[in-house]
Amino acid sequence: MINAKPQSYSIFAAANRNKCFQVSGYYVHYYNCFDMIFHSHDRIEMMYVVMGEVQIEFQSQSGEQEKYTILPNSYIFIDANVPHKITIDNIVTKICNLEFTLTDATDYNFTINALCNKDSCVREFFQLKKPVTRISDDGLFVQNILMIQKYIGNEINRQNDSYLNYLLSGMLLLMAKQCDKGKSHMPGMSYINKAVGYIHENYNRPITLDDIADVCGVSPNYLNLLFSNSFNVTVKTYVNKHRINRATLLLTSSDLSIDEIRKQTGYNNKAIFHQNFLKFVGIPPGKFRRNNRQNNIVKTQLGEENNTYWNLTQ
């Protein structure tokens, strides 16, 4: 374990309240296995798990070592100079990463102080001062990161322009709102979180409503009611939507056959897999893969090829 450095680069440092964000680098990586050593850096980091699973260990404010599991459609915020490491254990994993620092503001509408004054969720995020935060995404945050990556992938005007300031400020605002939503005290939220975690960890094998309800310690009917109130779908529909979402990612990011993807997403029955794919996507899996090949090329041009890391400070 390495010792934490002084927090002069921290997003929470009082001296940085009148500064704004500047992107220092980004990457999109695929991994099968990876075991990083503990390290820290002066950059603030957003690490989004698109597919697979990441274990992250970090040194807490008290000096103790803590560990999070980051599942698909979730991400982690890591403040500057926080010792951490990631481990990926024999599972195909795609990570979308964005790193930034704080710089003197040229437009005070985008400083941390200005954002705190404009939004209560941002204000509370900075009051909590959590150096590492795990957050679930509803699909908006990853679009924000990709939009930023696409914009700064252009050689012209990568940084210090109004549009990028808007994008980065929007990213912080969205993160703060998703943090606030994640700690909601609505009745049954602990059961929902436990059920969603179980589904995300076990979607690749047969699971039933009774299985999930047993894990949560509630009745199947009550769990269905909670999902209906929170997501406007039943537990079964949530499971199938998550499985098909995983299937679409594998179709566009791997060379696995459609039949292998069906098996990896928990479907033993070919007809049910194709039926659900048509229901949630609108076209068959083969056509979806063909239609999205061009999207993969565009992503490659943005720095994904050969696990490229774009360091924008050099």
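In this chain, numbering begins with 1 at the start of the sequence shown.
For His39 (side chain) and Pro83 (main-chain N/O), no donor-acceptor pair under 3.5 Å exists by modelled atom type. Using a distance-only test at 3.5 Å, with no hydrogens or angles considered, a donor-acceptor pair links the side chain of Ser24 to the main chain of Glu99. Side-chain N or O atoms of Asn81 include none that pairs as donor or acceptor with a backbone N or O of Ser10 at under 3.5 Å. A donor-acceptor contact shorter than 3.5 Å links the side chain of Asp137 to the backbone of Val142. With hydrogens and angles disregarded, a donor-acceptor distance shorter than 3.5 Å links the side chain of Thr265 to the backbone of Ile261. Within the 3.5 Å criterion, the main-chain N or O of Gln22 finds no donor-acceptor partner in the side chain of Thr103. No donor-acceptor distance shorter than 3.5 angstrom exists from the side chain of Asn144 to the backbone of Phe141, with no hydrogens or angles considered. Of the possible polar contacts, one joining the Ser254 side chain to the Leu250 backbone as a donor-acceptor pair under 3.5 Å is found. Here the side chain of Asn245 pairs no donor or acceptor atom with the backbone of Lys241 at under 3.5 angstrom.
Among residues two or more places apart in sequence or in another chain, the side chain to side chain contact (heavy atoms under 4.5 Å, CB included) test is passed with Ser60 by Ser62, Glu64, Glu66. Residues passing the ring-ring contact (aromatic ring centres under 6.0 Å, His included) test with Phe100 are Phe21, sequence neighbours excluded. Remark: Phe126 engages Phe12 in a ring-ring contact (aromatic ring centres under 6.0 Å, His included) (not counting sequence neighbours). His242 pairs by the ring-ring contact (aromatic ring centres under 6.0 Å, His included) definition with His200, Tyr203, not counting sequence neighbours. Ala114 is linked by a side chain to side chain contact (heavy atoms under 4.5 Å, CB included) to Thr111, counting only residues two or more places apart in sequence or in another chain. Checked against side chain to side chain contact (heavy atoms under 4.5 Å, CB included), Ser169 has the following partners two or more places apart in sequence or in another chain: Phe110, Leu115. Considering only residues two or more places apart in sequence or on other chains, Tyr163 meets the ring-ring contact (aromatic ring centres under 6.0 Å, His included) condition with Tyr151. With sequence neighbours excluded, the residues forming a side chain to side chain contact (heavy atoms under 4.5 Å, CB included) with Asn202 are Tyr198, Arg205, Ile207, listed by chain and number. Residues meeting the salt bridge (Lys or Arg N to Asp or Glu O under 4.0 Å) test with Arg262, sequence neighbours left out: Asp259.
Pairs of residues two or more places apart, or lying in two chains, that qualify as salt bridge (charged side-chain N to carboxylate O under 4.0 Å, His left out) and include a residue from residues 19-38 are Asp35-Lys85.
Interatomic distance, SG of Cys20 versus CG of Leu168, reported as 8.5 Å (0.5 Å rounding). Separation of atoms CD1 (Ile76) and OH (Tyr68) is listed at 6.5 Å; rounding is to 0.5 Å. The CD atom of Glu201 lies 11.0 Å from the CD1 atom of Ile199; values are rounded to the nearest 0.5 Å.
Ion pairing between a basic and an acidic side chain is recognised when a charged N comes within 4.0 Å of a carboxylate O; Lys177 and Asp119 show such pairing.
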Could you list the donor-acceptor pairs under 3.5 angstrom formed by side chains in residues 276-286, with sequence neighbours left out?
from	atom 1	to	atom 2	distance (Å)
Asn276	ND2	Asn240	OD1	3.4
Asn276	ND2	Tyr267	OH	3.4
Asn276	ND2	Ile272	O	3.3

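Contact of the Leu209 side chain with the Asn224 side chain is registered, since non-hydrogen atoms from C-beta on lie closer than 4.5 Å.
Closest non-hydrogen pair, Val82 versus His84, comes out as O-ND1, 2.7 Å. Scanning all heavy atoms of the two residues, the minimum distance from Leu251 to Arg289 falls at O-NE, 3.0 Å. Considering every non-hydrogen atom in both Glu45 and Tyr27, the closest pair reads OE2-OH, 4.2 Å. Here the shortest heavy-atom pairing between Cys116 and Arg17 reads SG-NH2, 3.8 Å.
Ile37 belongs to no hydrophobic cluster, as no Ile, Leu, Val, Met, Phe, Trp or Tyr side chain comes under 4.5 Å of its own.
Residues Thr69 and Gln55 have side chains that bring a donor and an acceptor to within less than 3.5 angstrom of each other.
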Worked check of side-chain contact (heavy atoms from CB on, under 4.5 Å) between Met47 and Phe77: CA-CA 7 Å; Met47 183 183 295; Phe77 161 86; over 6 Å; no
For a side-chain contact (heavy atoms from CB on, under 4.5 Å) check, start with the C-alpha distance between Cys121 and Gln178, then their side-chain angles and the critical distance, and finish with the verdict. CA-CA 9 Å; Cys121 292; Gln178 290 183 337; over 6 Å; no
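Using cut-offs of 30° and 60° for the angle between ring planes, the Tyr48 and Tyr75 rings count as parallel.
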